[in-house]
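In what follows, chains carry the letters A, B, and so on, assigned in the order in which the sequence lines appear, proteins first and then strands, with residues in each chain numbered from 1.
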Amino acid sequence: DTEVTQTPKHLVMGMTNKKSLKCEQHMGHRAMYWYKQKAKKPPELMFVYSYEKLSINESVPSRFSPECPNSSLLNLHLHALQPEDSALYLCASSQQVVETQYFGPGTRLLVL
Amino acid sequence: SQQGEEDPQALSIQEGENATMNCSYKTSINNLQWYRQNSGRGLVHLILIRSNEREKHSGRLRVTLDTSKKSSSLLITASRAADTASYFCATDAKLVFGKGTKLTVNP
């Protein structure tokens, strides 16, 4: 299984809602990543988990809260988002940090 | 500033032609990776080249690495309409993608 899956594919939420994005991989990778991508821009790194511990937080606002319940799962909890947070959220995994990354298809988020 | 910067930002060619895009980076690296992204989709890893390699091939892809110039190039030969996508480089030194090269292959 060489796939990274993400759910949901699309999400529309209000600024007062709480929602979660989910990412799963069964490749035995020990590094997992969250990226945010706005239209016509490159992906921007948000968080990196290595061996289920948060190793990089790129100064992301606290309304984004990552969680790594186990080595196969990565969540991104969303609360009190702003319209400018609307973007494609990409999850990726790799054997170790900074090795080849395998990306999921992304969750397209719209904040109203 | 970005670790990997691709050049050109946009490239439009005819099917069958070759496409070359370049990547420059700033610090020492152990490896450099190229990715492709179709519109609105996740990135797909194309090829990884290590710092002790100068050239690597994978099908119609050829990647070169010049560590003295801190640059890499991706050559796609005999391009197809399906190669239309954005192409990004990234290095292991910093998990940062450049702006990418948007390649359009016209049938």
Could you state whether Phe88(B) and Tyr33(A) fall into the same hydrophobic cluster, counting links through intermediate Ile, Leu, Val, Met, Phe, Trp or Tyr residues with side-chain heavy atoms under 4.5 angstrom apart? yes

Tell me whether Tyr87(B) shares a hydrophobic cluster with Ile47(B), the cluster being built from Ile, Leu, Val, Met, Phe, Trp, Tyr side chains joined at under 4.5 Å. yes

Closest approach of Gly42(B) to Leu90(A) (non-hydrogen atoms, all atoms of both residues): CA-CD2, 3.7 Å

Go through the atoms of Leu43(B) and report whether side chain, backbone, both or neither lie under 4.5 Å from a heavy atom of chain A. both

Measuring from Lys41(A):NZ to Ser86(B):OG, what's the distance to the nearest 0.5 Å? 12.5 Å

Nearest 0.5 Å please: distance from the NE2 atom of His45(B) over to the CD atom of Glu99(A). 10.5 Å

Side chain, backbone, both or neither: which part of Gln6(A) has a non-hydrogen atom closer than 4.5 Å to chain B? neither

Between the side chain of Tyr35(B) and the main-chain N/O of Gln101(A), is any donor-acceptor distance below 3.5 Å? yes

Tell me, out of Lys102(B), Arg41(B), Gln37(B), who's got the most heavy-atom pairs with chain A below 4.5 Å. Gln37(B)

Are more than 12 heavy atoms from other residues, nucleotides or ligands located less than 6.0 Å from atom CZ of Arg54(B)? yes

Flag if over 12 foreign heavy atoms under 6.0 Å of NZ, Lys38(A): yes

So which atom in Gly98(B) and which in Pro42(A) form the shortest heavy-atom distance, rounded to 0.1 Å? O-CB, 2.9 Å

Does atom NZ of Lys56(B) have more than 12 heavy-atom neighbours, drawn from other residues, nucleotides or ligands, at distances under 6.0 Å? yes

Atom CZ of Arg50(B) with >12 non-hydrogen neighbours under 6.0 angstrom: no

